[in-house]
2 protein chains.
Amino acid sequence: MRITRETDYAIRCILYLSELPDKVAMAGEIAEAMKIPKSFLAKILQKLTRAKIVHSFRGVKGGVRLAKKPEDISLLDVINTIEGDVGMNICAVNEKACDQSKECSVHHIWIEIREAVENILKRYNFENLRK
Amino acid sequence: MRITRETDYAIRCILYLSELPDKVAMAGEIAEAMKIPKSFLAKILQKLTRAKIVHSFRGVKGGVRLAKKPEDISLLDVINTIEGDVGMNICAVNEKACDQSKECSVHHIWIEIREAVENILKRYNFENLRK
DNA sequence: CTAAATAGGATAAAAATAGTCTTAATTATG
DNA sequence: CATAATTAAGACTATTTTTATCCTATTTAG
């Protein structure tokens, strides 16, 4: 029922980049500032890059910066990128994973919770998360 | 972000017992009906017993039955028994686990989500879950 | 050309989840 | 009272997921 540490790192990383919207920051710099293992962060940045949340530059003076304005990145975007769909039960994400979805009286509750959580996570973007 | 299979089993087990409020059902019977590994269910029933959600009887003709009326058992009760507190991030459960709770701009969101999820789970009891 | 950076994949270590097994305690019934 | 059936408790094992690390490309500024 928890987000993983990887997701927590991803959020902290975007939080850091949101303070420096134009700077191209190296993974090592972000890792040190946000206390994230550097090689782990490198993998996280790859996912964020593929999701077009950050833009990366290779080579000397390379690094990453946000690919959009902080206000256009929601918490949900970041969580979805790292963890995939949020859902309390696998059946709320993929009906096929549960052979009993049809007769299951609990199923609709997982859906309801999923929607409630997504709605909250959508409301917060990295502009209004800045202190 | 998912409930565990153990929790899913526990819910299905209470769902089964809610249909037979007075019967003392054996673990083996519940396991077969709900497709739960029997020895795993035995451990789950111990937790539910300690939490006074079910009452158990040992010896020949022993088994378990609900310790309260289905309407007095919420989904949250069962989830809390198996998983402990619900919370997207450990810091929403135990502030001490996160050294940055005070300055963390995301912290209050985990709390908001936790409360929203708990409120939904409280609304559903095993009387209104029966089809 | 070289050094510094990300990309991608393989691998490893640690933790959590899922499940099993054995022994003990309890109890209805012959 | 002996026995068989049942839960209680804890140790143990297996599997999966999480959390990394490392190595080899590839890219690029200077």
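In the text below, chain A, chain B and the rest are named by the order of the sequence lines, each starting its count at 1. Below, all heavy atoms of this structure are taken into account, side chains as well, without hydrogens, waters or symmetry copies.
The residue among A:Phe57 and A:Lys43 whose nearest nucleotide of DNA chain C lies closer to the 5′ end is A:Phe57. Mapping B:Met26 and A:Thr4 onto DNA chain D via the closest heavy atom, the residue that lands nearer the 5' end is B:Met26.
A:Lys38 has its NZ atom 18 Å from the C1' atom of D:dT19, to the nearest Å. A:Leu45 has its CG atom 15 Å from the P atom of D:dA20, to the nearest Å. Atom-to-atom, CZ of A:Arg5 to P of C:dA13 comes out at 18 Å; the value is rounded to the nearest Å. For B:Ile30 and D:dT6, the CD1 to C1' distance is 13 Å, given to the nearest whole Å. Between the CD1 atom of B:Ile3 and the C1' atom of C:dA18 there is a distance of 14 Å, rounded to whole Å. Residue B:His55 contributes atom NE2, which lies 14 Å from atom P of C:dT26 at whole-angstrom precision. The separation between A:Arg2 atom CZ and D:dT19 atom P is 12 Å, rounded to whole Å. The NZ atom of A:Lys47 sits 10 Å away from the P atom of D:dT19 (whole-angstrom rounding).
Between the B:His55 side chain and the B:Lys52 main chain, no donor and acceptor come within less than 3.5 Å of each other. A donor-acceptor contact shorter than 3.5 Å links the side chain of B:Arg2 to the backbone of A:Gly87.
Comparing C:dA28, D:dT18, D:dT7 by their closest approach to the side chain of B:Ser56 singles out D:dT7. With distances taken from any side-chain atom of A:Ser39 to the nucleotides C:dT20, D:dC22, C:dT27, the minimum falls on D:dC22. Residue A:Gln46 has its side chain nearest to C:dA7 when only C:dT29, C:dA7, D:dA29 are considered.
Residue B:Gly28 is out of contact with every strand shown, counting any heavy-atom pair closer than 4.0 Å. Using a 4.0 Å heavy-atom criterion, one finds that B:Ala27 contacts the sugar-phosphate atoms exclusively.
Residues A:Ser74 and A:Leu121 have side chains not in contact (no heavy-atom distance under 4.5 Å, counting atoms from C-beta outward). With contacts defined as side-chain heavy-atom distances shorter than 4.5 Å, the pair A:Asp85/A:Arg114 qualifies.
Between A:Tyr9 and D:dT19 there is no side-chain polar atom (N or O) within less than 4.0 angstrom of OP1 or OP2. Residue B:Thr49 places no side-chain N or O under 4.0 Å from the OP1 or OP2 atom of D:dT7. For the OP1/OP2 pair of D:dA8 and a distance below 4.0 Å, the side-chain nitrogens and oxygens of B:Arg50 include no atom meeting the criterion. Note on A:Arg58: every side-chain N or O is 4.0 Å or more away from OP1 and OP2 of D:dA29.
A salt bridge (charged side-chain N to carboxylate O under 4.0 Å, His left out) with B:Glu6 is found for exactly one of B:Lys43, B:Lys47, B:Arg12, namely B:Lys47.
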